[in-house]
Enquirer: 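There's a structure below that I have some questions on.
Numbers restart at 1 for each chain; the letters A, B, ... are given by sequence-line order, proteins then strands. Here the structure is a predicted model, which means the values were calculated and not measured.
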2 protein chains.
Amino acid sequence: MREPLDPDMFDELCPSSLTPIRFGDKWAGMIIRCLEDGPRRFSELRVPLRRVTPKMLTQSLRGLERDGLVRRTVQAPQTHTDEVGPGGAGGRPPSGRIEYALTPLGRSLLGPMAVACAWADEHWEELLDARESAAGTAESARPAG
Amino acid sequence: MREPLDPDMFDELCPSSLTPIRFGDKWAGMIIRCLEDGPRRFSELRVPLRRVTPKMLTQSLRGLERDGLVRRTVQAPQTHTDEVGPGGAGGRPPSGRIEYALTPLGRSLLGPMAVACAWADEHWEELLDARESAAGTAESARPAG
DNA sequence: CGGCATCCAAGTCGATACTG
DNA sequence: CAGTATCGACTTGGATGCCG
């Protein structure tokens with residue numbers, strides 16, 4: 001658990017954007033899934049969600065926080081750096097470590113989200129077919145313009 | 001089944017608008033639920049969804065049709081009106097009876113929707129509490145302006 | 001009855017630049 | 001690192017009026 005998030009997890013080839021089932025705003029569902037395995041820092045979330053501007057990421061997180069689905073915590077920086085860690089020797093102490101984590105309420109959404117994902121997984125081809133058919137009929141209705 | 005739809009089913013007291021789980025556009029979920037028990041005519045849908053302008057109702061229905069969730073059918077009007085029914089004696093024959101019905105794909109959404117409704121039913125109070133707390137802290141952060 | 005056309009207000013989202 | 005500020009495009013949805 002708490003492994004680094006897959007950078008390609010939410011690439012634009014992922015057809016999740018065509019399901020009619022949505023959770024909150026455009027990125028809320030993906031954010032929740034990123035927090036599924038434990039707390040994450042802002043910059044950690046930015047890796048899989050690198051197509052999301054920091055403004056939107058902040059905005060979505062604030063919305064989730066407002067609804068009690070996500071909790072934002074600031075940990076005081078350790079003044080005595082007895083555990084610098086390998087490769088982190090050059091960093092000056094940040095003003096505070098900020099983490100986002102799912103609340104129990106946020107976690108309770110994982111069930112419905114799994115159901116939604118299962119539905120999308122099972123039916124996204126039908127959705128694509130229907131849309132292509134609709135586009136085709138719309139085209140044929142046009143007099144070759 | 002096929003009883004008339006409850007006019008108050010989707011009144012604004014219904015807190016479904018605060019759940020983060022959405023199906024398609026603003027009214028798609030409600031439309032699907034209205035079609036759950038069988039085909040409905042446009043004017044039938046307008047009763048429980050009377051807060052929805054006809055433009056939006058059409059727009060949502062077109063979207064659902066495009067995605068293969070709803071099918072729109074036009075039946076030829078019966079020229080011989082052997083069944084006028086009580087109280088309907090004054091109606092002149094319409095140009096065609098139009099009905100909207102769920103497709104199997106649309107019907108397959110009822111399961112996830114039930115899950116979403118169960119979640120909302122179970123947690124909407126927590127959502128409200130969180131929002132009120134958030135509003136309160138936002139107010140107290142303001143310097144009594 | 002079952003829409004469509006038009007206008008307009010509000011919200012959403014993205015790009016870019018800047019900050020403590 | 002973790003945001004904030006500003007601008008503008010795009011989308012969504014409501015109000016109103018008209019049509020076959």
Enquirer: Treating A:Trp119 as the side-chain partner and B:Ser108 as the backbone partner, does any N or O pair qualify as donor plus acceptor under 3.5 Å?
Expert: yes
Enquirer: What I want to find out is whether A:Arg46 reaches A:Glu44 closely enough, with some N-O distance under 4.0 Å, to be called a salt bridge.
Expert: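 No.
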Enquirer: Sequence neighbours excluded, which residues qualify as ring-ring contact (aromatic ring centres under 6.0 Å, His included) partners of A:Trp27?
Expert: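 Per chain and number, A:Trp27 pairs via ring-ring contact (aromatic ring centres under 6.0 Å, His included) with no residue.
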Enquirer: Roughly how many Å is it from CD in B:Glu99 to P in C:dC1, rounded to a whole number?
Expert: 14 Å
Enquirer: Any non-hydrogen side-chain atom of B:Leu102 less than 4.5 Å from a side-chain atom of B:Leu109?
Expert: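 B:Leu102 does not reach B:Leu109 side chain to side chain.
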Enquirer: Could you tell me whether the phosphate oxygens of C:dG2, OP1 or OP2, come under 4.0 Å of any side-chain nitrogen or oxygen in B:Arg41?
Expert: yes
Enquirer: What integer distance in Å separates B:Arg22:CZ from C:dT12:P?
Expert: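 Rounded to the whole Å, the gap is 12 Å.
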Enquirer: Pair up each side-chain donor or acceptor in residues 62-69 of chain A with any protein partner under 3.5 Å, not counting sequence neighbours, and list the distances.
Expert:
residue : atom : partner  : partner atom : Å
A:Asp67 : OD1  : B:Arg131 : NE           : 2.7
A:Asp67 : OD1  : B:Arg131 : NH2          : 3.4
A:Asp67 : OD2  : B:Arg131 : NH2          : 3.2

Enquirer: Round to the nearest Å and state the distance from B:Glu65 atom CD to C:dG3 atom C1'.
Expert: 13 Å
Enquirer: Which parts of nucleotides 3-16 of chain D does protein reach within less than 4.0 Å, heavy atoms only, written one letter per nucleotide 5' to 3' as B for base, S for sugar-phosphate only and - for none?
Expert: SS-BB-----BBB-
Enquirer: Taking B:Arg33 for the side chain and B:Leu110 for the main chain, is one N or O donor matched with an acceptor at less than 3.5 Å?
Expert: no
Enquirer: Just the rounded figure in Å: distance from C1' of D:dC1 to CG of A:Leu57.
Expert: 13 Å
